[in-house]
Visitor: 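Please find one structure pasted underneath; my questions will follow.
Side-chain atoms are counted along with the backbone in the values below, which use heavy atoms only and exclude waters and symmetry mates. On a predicted model such as this, the values are computed, not experimentally measured, just so you know.
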Amino acid sequence: MAGAIRKLPARDRDALLLYAWGDLDYEGVALALNIPVGTVRSRLNRARRVLRLSAGIAPAQEVDRGRTSTAPSIR
């Protein structure tokens, strides 16, 4: 998992680390990175999708919320 986290784009990785290990909420991450809360949500969503794929969780196993996946595939 650490390798997959390192491969994330820096902007997505920063948001993920502040949220998961920095124990900040979405608003706290937004303030720390000086970005809107909606951008934090997008970055975390992208990071989670990439990490699920790297963990072997197929997109078919994810809950469809009516959005199209834009996460890059990890090989």
Side-chain angles (χ1 to χ4, degrees):
M1 193 58 57
I5 292 171
R6 278 193 297 276
K7 290 179 183 179
L8 289 171
R11 64 179 189 243
D12 295 347
R13 185 178 55 246
D14 291 346
L16 177 68
L17 295 178
L18 285 169
Y19 180 75
W21 289 316
D23 201 28
L24 297 177
D25 59 10
Y26 285 16
E27 291 80 14
V29 173
L31 286 172
L33 297 177
N34 196 31
I35 57 175
V37 172
T39 303
V40 171
R41 292 180 191 280
S42 296
R43 290 179 183 182
L44 290 176
N45 183 49
R46 257 192 315 272
R48 287 176 179 133
R49 260 190 278 140
V50 169
L51 295 178
R52 280 194 293 269
L53 287 172
S54 73
I57 300 171
Q61 294 173 294
E62 294 183 29
V63 175
D64 180 13
R65 293 194 167 80
R67 296 185 181 192
T68 305
S69 175
T70 59
S73 80
I74 297 178
R75 300 202 183 254

Visitor: Taking all heavy atoms of Ala30 and all of Pro36, pick out the closest pair and write down the distance.
Guide: CB-C, 4.1 Å
Visitor: Test of understanding: clusters of I, L, V, M, F, W, Y form through side-chain heavy atoms closer than 4.5 Å, transitively. Do Val29 and Leu31 belong to the same one?
Guide: no
Visitor: Are any of the side-chain heavy atoms of Arg43 and Ile35 separated by less than 4.5 Å?
Guide: yes
Visitor: Once rounded to the nearest 0.5 Å, what's the spacing between atom OH of Tyr19 and atom CZ of Arg41?
Guide: 9.0 Å
Visitor: Looking at Arg13 and Arg6, what are the two nearest heavy atoms and their distance?
Guide: NH1-O, 3.1 Å
Visitor: Any chain of hydrophobic side-chain contacts (each under 4.5 Å) joining Val40 to Trp21?
Guide: yes
Visitor: Kindly write out the residues that satisfy side-chain contact (heavy atoms from CB on, under 4.5 Å) with Asp14, not counting sequence neighbours, or none if the list is empty.
Guide: Leu33
Visitor: Has Arg52 got a side-chain atom pairing as donor or acceptor with Ile57's backbone, closer than 3.5 angstrom?
Guide: no
Visitor: List the atom of Gly28, the atom of Asp25, and the distance in Å for their closest heavy-atom pair.
Guide: N-OD1, 2.6 Å
Visitor: For the CG atom of Asp12 and the CG atom of Asn45, what is their distance to the nearest 0.5 Å?
Guide: 9.5 Å
Visitor: Rounded to the nearest 0.5 Å, what's the gap from CG on Leu17 to CD1 on Ile5? Could you check?
Guide: 6.5 Å
Visitor: Using the side-chain contact (heavy atoms from CB on, under 4.5 Å) rule, take Leu44 and Arg48 through it: C-alpha gap first, then chi angles, then the decisive distance, then the call.
Guide: CA-CA 6 Å; Leu44 290 176; Arg48 287 176 179 133; 3.9 Å; yes
